[in-house]
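This report refers to the structure that appears directly beneath it.
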Protein chains: 2
Amino acid sequence: MIQAGAPVPDRTTRERILDAALDLFGARGVDAVSLDEIARHVGVRKQTVLYWFDSKEVLVDAVLEKVAAELVVVIDAAVRAAPDDPLDRVDAVVRAVFRPAVRRPALLGLVREVSRLSQSQADRLAAHISPLVERAVHYLAAEMETGRLRTGDPRLIAALSYATVTGIATEPEALRTVGWVADQAGLRALRDELRTFLRAALTPL
Amino acid sequence: MIQAGAPVPDRTTRERILDAALDLFGARGVDAVSLDEIARHVGVRKQTVLYWFDSKEVLVDAVLEKVAAELVVVIDAAVRAAPDDPLDRVDAVVRAVFRPAVRRPALLGLVREVSRLSQSQADRLAAHISPLVERAVHYLAAEMETGRLRTGDPRLIAALSYATVTGIATEPEALRTVGWVADQAGLRALRDELRTFLRAALTPL
DNA sequence: AGCTCTCTCTACCAATTGGTAGAGAATCGT
DNA sequence: ACGATTCTCTACCAATTGGTAGAGAGAGCT
């Protein structure tokens, strides 16, 4: 905690604000979290938050940017490391997406907020994600040609997978409604069920 | 629009408030929609809303209650009407869930709000949904025994399906990020892809 | 030492929120 | 005809929100 009149220049304050914002936004949503609450979590005044980020919208932007960039790196690495078999590759991507999510639920929880973004924010996010998706779609299409994947619409498969992952991310607690336990073991079990589904649906007949 | 000093007793006002609240909550979230905005949509003052529903929380409750009850009826009817084959039955449920969603996107969009509910609200919702899920789980388990479905954990399958549907519901616009078009045709295509997936994953080897 | 830049602070503000108090018009049962 | 009930209104309020203005402490360069 920093006392009044002792503003030791602290380059990490910005990072700590981003960190707290990610957790809080992810857990309870952008609307429900005030700048003041974020500031309190960091041990700083609300106006300090507004010094680092000109407005709440800018802060949201920065958080999304950070998360998207990290996610892209993780997925990218997983794809490159995976063996040549397309089924194994899909499997690797699914596990790669869930790994950070298991460690830090707020990460995927943030996805829930995407639907509330402004047009420009959504566009910027898409700029990060789209290239990844396009590559995946082309890859899937190519492998369907070679017969190593069951034929289908790769874009729909991508959309469905994305929807499923965000669905899991969105509702770790809501899934209790269907009797699912939202702990790490439960998350892993659900991830594995998704892997099974994808394999079953993509394995050539 | 009702003019001042002309409060013709109108039993439908309550219904119209519920209706507007459903659409607005579903489209933009409970937090982002004020009572005043709902009132304006109905053509009434905010205080009239508070006359019919003691607080915003009560209004949210009522909307959820209504949606849950309707959804239960729809699914129930679909199951009863479906043929005896378990794969067809699963298929019928998926279509039944999507039918109201296609007609009225806000309906499933409301699911996004579930994660922000209070404990008591979540419990009440679960009271509606759980029996349905339990029946489905037992049914799936029984059919796995008879060999007409691939064996697996029925509860995980239910959870995964639920997550997928809510994922689609949550992100009709966010899915644009992966290049998916969020119109009715797109929704149908995605629904059919989900049906294909479920069939592929559940068909006995 | 003195000056500038970086950073966090105190003090405020206008707007919006959910909610309360209570007046008054229309309808219905008597 | 009349009183009670039902329903919507005007008028307020306390609390919270995102955001602004500007003071002032510490660090580093000259």
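The sequence lines fix the lettering, A, B, ..., with proteins before strands; numbering per chain opens at 1. Quick caveat: nothing in here was measured; it's all calculated off a predicted structure. Basis for what follows: all heavy atoms, side chains included, without hydrogens, waters or symmetry-related copies.
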Protein-nucleotide distance ([X], atom [atom1]; [N], atom [atom2]), rounded to Å:
X       : N      : atom1 : atom2 : result
A/Arg45 : D/dA25 : CZ    : C1'   : 15 Å
B/Arg16 : D/dC7  : CZ    : P     : 14 Å
B/Arg14 : D/dT6  : CZ    : P     : 15 Å
A/Trp52 : C/dC9  : CH2   : P     : 12 Å

Would a distance-only check, ignoring hydrogens and angles, find a side-chain to backbone donor-acceptor pair under 3.5 Å from [X] to [Y]?
X        : Y        : value
A/Arg195 : A/Asp91  : no
A/Glu143 : A/Leu140 : no
B/Lys66  : B/Asp61  : no
A/Thr166 : A/Tyr162 : yes

Q. Is the phosphate of C/dC7, meaning OP1 or OP2, less than 4.0 Å from a side-chain N or O of A/Tyr51?
A. yes

Q. Between A/Thr48 and C/dC9, does any side-chain N or O lie under 4.0 Å from OP1 or OP2?
A. yes

Q.
Could you tell me if the side chain of A/Phe197 sits less than 4.5 Å from the side chain of B/Leu198, heavy atoms only?
A. yes

Return the polar atom pairs (N/O with N/O) between nucleotides 11-18 of chain C and the protein under 3.5 Å, or none.
| unit_1 | atom_1 | unit_2 | atom_2 | d |
| --- | --- | --- | --- | --- |
| C/dA11 | N6 | A/Gln47 | NE2 | 2.8 |
| C/dG18 | OP1 | B/Lys56 | NZ | 2.8 |
| C/dG18 | OP2 | B/Leu35 | N | 3.1 |
| C/dG18 | N7 | B/Lys46 | NZ | 2.9 |

If you look only at distance, which donor and acceptor atoms sit under 3.5 Å apart when one is on a side chain in residues 150-158 of chain B and the other is two or more places apart or in another chain?
| unit_1 | atom_1 | unit_2 | atom_2 | d |
| --- | --- | --- | --- | --- |
| B/Arg150 | NE | B/Ala201 | O | 3.4 |
| B/Arg150 | NE | B/Thr203 | O | 3.1 |
| B/Arg150 | NH2 | B/Ala200 | O | 3.1 |
| B/Arg150 | NH2 | B/Thr203 | O | 3.0 |
| B/Asp153 | OD1 | B/Arg155 | N | 2.9 |
| B/Asp153 | OD1 | B/Leu156 | N | 3.4 |
| B/Arg155 | NH1 | B/Glu134 | OE2 | 3.0 |
| B/Arg155 | NH2 | B/Glu134 | OE1 | 3.2 |

